[in-house]
Novice: 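Questions regarding the structure given below will be posed in turn.
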Amino acid sequence: MTRVAVVGATGNVGRVMLDVLAERSFPVDDLVLFASARSAGATVDGRPVHVLDDTADLSGIDIALFSAGGGTSREWAPRFVEHGAVVVDNSSAWRRDETVPLVVSEVNPHALRDHRGLIANPNCSTMQLMVALAPIHRAAGIERLIVSTYQSVSGTGKKALDELDAQTRADLSGGEMPDPEVYPDQIAFNVIGAAGNFADGDDHTDEERKMMFETRKILEDEAIGIAVTCVRVPVRVSHSEAVNVQTREAISAAQVRELLADAPGIALDEVPSPLRAAGRDEVFVGRVRDDASHPRAFSMWVVSDNLRKGAATNAVQIAELLAGDRASA
Ligand SMILES: NC(=O)c1ccc[n+]([C@@H]2O[C@H](COP(=O)([O-])OP(=O)(O)OC[C@H]3O[C@@H](n4cnc5c(N)ncnc54)[C@H](OP(=O)(O)O)[C@@H]3O)[C@@H](O)[C@H]2O)c1
């Protein structure tokens, strides 16, 4: 009997989690959905949504998939663990905790061995980068990365998508442009050159800091140099990344293509696009080319659905690995 909880089931990621659990026929006997008091009385896919408050029944839950923001995870993930659940958390709340494994299913599943009930899912833009980079790091070692992201609006949640829609409608109909609320500037027909928020005194955004920290933790290599600019673009789903990779050993673009052709979770494409990646689980890699300005560098273009591999699919893949361990225990 496996009881699975989805916390944040009414959100962008939570809804995709429910789809992915069903598509992959994850063995669930009992699926319990949680959201905030705003969703009291709501249903998702015909299932009741329970409010996550002190009256919530946390007993008997084997696996809890959290995508309800950092505050909810900080408060509630330990409570689920105390009740015996293993939590896979999509927020950034626990990723920097040394006792919490940060896992990409194709890259470092071995890190799951040491979990203490809590496992962190990486940030969406880091996730797709890791799937593409891990085979290269294993083969040639990565010395330095220069990454520019083109991150979609769904990465900020459902309110951000509503903002994009409202601004787009206003612009096209000649109506009054609503003031931006989620982003610091209009997102429709625009580009925001700093995705994420600035902590006091920091000249990098939290999105950029996440990519730097999480890349080194997942690839288990603190020596990797990383220069990153995270940008928000008016795309609904799928993040794109222009990536320049400087390796420790020489590797040609042709060798990189060969490595990636056999790598799990990767699909090679000439010029991947967010629209074509949306709804798919693969990380699409294209435009792999030698960098003529450096003898050990190449560039590539990496695109993936941030709600699927960037969040829900990886969480369910981790749950599958955990369920496999439970079955063989
Ligand atoms: N979107 C992405 O690409 C992506 C990728 C990786 C990680 N993540 C992370 O996943 C989380 C959710 O992202 P999202 O895009 O799905 O956001 P979202 O669309 O805004 O959904 C947020 C969900 O969290 C629930 N929630 C909020 N406060 C809660 C509370 N106090 N107790 C219980 N549930 C609560 C909401 O319930 P109500 O409907 O009741 O408000 C909703 O179900 C965030 O931590 C985000 O950083 C997102």
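Remember, it's 1-based here, ligands and their atoms both numbered in the order they're listed.
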Novice: Give me the atom names and distance for the closest heavy-atom approach of P135 to V131.
Specialist: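 Scanning both residues, the minimum pair turns out to be CD-O, 3.4 Å.
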Novice: Does the pair D165/R236 count as a salt bridge with the N-to-O cut at 4.0 Å?
Specialist: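 Looking at R236 together with D165, the answer is yes, because their closest N to O distance falls below 4.0 Å.
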Novice: Is there a nitrogen or oxygen of V13 sitting under 3.5 Å from a nitrogen or oxygen of ligand 1?
Specialist: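 Yes, since at least one N or O of V13 sits under 3.5 Å from an N or O of ligand 1.
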Novice: Name the closest protein heavy atom to atom 46 (C) of ligand 1, giving the residue it belongs to and the distance to 0.1 Å.
Specialist: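 Minimum-distance protein heavy atom for atom 46 (C) of ligand 1 reads N90 O, 4.6 Å.
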Novice: Of the listed options (S73, A68, G157, A315), which comes nearest to atom 17 (O) of ligand 1 when hydrogens are ignored and any heavy atom counts?
Specialist: G157
Novice: At less than 4.0 angstrom from any non-hydrogen atom of G69, what atoms of ligand 1 do you find?
Specialist: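 Answer for ligand 1: 11 (C), 44 (C), 45 (O).
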Novice: N/O of C124 under 3.5 Å from N/O of ligand 1, yes or no?
Specialist: no
Novice: Show your reasoning for whether side chain to side chain contact (heavy atoms under 4.5 Å, CB included) applies to D203 and F198.
Specialist: CA-CA 7 Å; D203 57 3; F198 290 97; 5.6 Å; no
Novice: When the ring planes of H50 and F34 are compared, do they come out parallel, tilted or perpendicular, using 30° and 60° as the limits?
Specialist: tilted
Novice: Going by the order shown, which atoms of ligand 1 are within less than 4.0 Å of some heavy atom of L307?
Specialist: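 Reading through ligand 1 atom by atom, the close ones are 1 (N), 2 (C), 3 (O).
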Novice: Counting non-hydrogen protein atoms only, what is the nearest one to atom 20 (O) of ligand 1? Give residue, atom name and distance.
Specialist: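 Nearest protein contact, heavy atoms only, for atom 20 (O) of ligand 1 is K158 N, 3.6 Å.
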Novice: For ligand 1, is any non-hydrogen atom under 4.0 Å from N12's backbone (N, CA, C, O), its side chain (CB onward), both, or neither?
Specialist: both
Novice: In this structure, are over 12 heavy atoms from other groups packed under 6.0 Å from E23 atom CD?
Specialist: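 Correct, the count exceeds 12.
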Novice: Indicate yes or no for a side-chain donor-acceptor contact from R95 to the backbone of S91 under 3.5 Å, with no hydrogens or angles considered.
Specialist: yes
Novice: Looking only at distance, does G11 have an N or O less than 3.5 Å from an N or O of ligand 1?
Specialist: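 In this structure, G11 places an N or O atom under 3.5 Å from an N or O of ligand 1.
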Novice: R38 heavy atoms, cut-off 4.0 Å: which ligand 1 atoms fall inside?
Specialist: 27 (C), 28 (N), 40 (O), 41 (O)
Novice: Quick one: which ligand 1 atoms are inside 4.0 Å of a heavy atom on G155?
Specialist: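 That gives atoms 1 (N), 2 (C), 3 (O) of ligand 1.
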Novice: Count the heavy atoms of every other residue, nucleotide or ligand shown that sit under 6.0 Å from CZ of R116, and state whether that count exceeds 12.
Specialist: no
Novice: Which one of A312, S67, G70 has a non-hydrogen atom at the shortest distance from atom 22 (C) of ligand 1?
Specialist: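 The nearest heavy atom belongs to S67.
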Novice: Rounded to the nearest 0.5 Å, how far does CG of D305 lie from OG1 of T313?
Specialist: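 T313 atom OG1 to D305 atom CG measures 7.5 Å (nearest 0.5 Å).
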Novice: Mark yes when over 12 heavy atoms from residues, nucleotides or ligands other than R287 sit less than 6.0 Å from its CZ; otherwise mark no.
Specialist: no
Novice: Considering only the protein, which heavy-atom contact is closest to atom 31 (N) of ligand 1, and what is its distance?
Specialist: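 For this ligand atom, the closest protein heavy atom is T72 OG1, 3.4 Å.
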Novice: Any idea which protein heavy atom is nearest atom 3 (O) of ligand 1, and the distance to it?
Specialist: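 Looking only at protein heavy atoms, the one closest to atom 3 (O) of ligand 1 is N306 ND2, 2.9 Å.
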Novice: Can an N or O of N123 be found at a distance shorter than 3.5 Å from an N or O of ligand 1?
Specialist: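 So ligand 1 has no N or O lying under 3.5 Å from an N or O of N123.
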Novice: Using a strict threshold of under 4.0 Å (side-chain N to carboxylate O), is an ion pair present between R209 and D202?
Specialist: yes
Novice: Within the 4.0 Å heavy-atom shell around S91, which atoms of ligand 1 are there?
Specialist: 45 (O)
Novice: Need the ligand 1 atom indices (1-based, order shown) with element for anything under 4.0 Å from a heavy-atom of T10.
Specialist: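 Close to T10: 36 (C), 37 (O), 38 (P), 39 (O), 40 (O), 42 (C), 43 (O).
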Novice: Which option out of S36, A311, A42, S125 puts a heavy atom nearest to atom 35 (C) of ligand 1?
Specialist: S36
Novice: Taking only heavy atoms of A35, which atoms of ligand 1 are found under 4.0 Å from at least one of them?
Specialist: 33 (C), 34 (N), 37 (O), 40 (O)
Novice: Please state which protein non-hydrogen atom is closest to atom 1 (N) of ligand 1 and give its distance, to 0.1 Å?
Specialist: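 Result: S154 O, 3.0 Å.
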Novice: Going by the order shown, which atoms of ligand 1 are within less than 4.0 Å of some heavy atom of S39?
Specialist: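 That gives atoms 38 (P), 39 (O), 40 (O) of ligand 1.
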Novice: If you look at every heavy atom in G70 and A93, which pair is closest and at what distance?
Specialist: O-CB, 3.7 Å
Novice: Quick check: do Y183 and N190 have side-chain heavy atoms less than 4.5 Å from each other?
Specialist: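 No - every pair of side-chain heavy atoms lies 4.5 Å or more apart.
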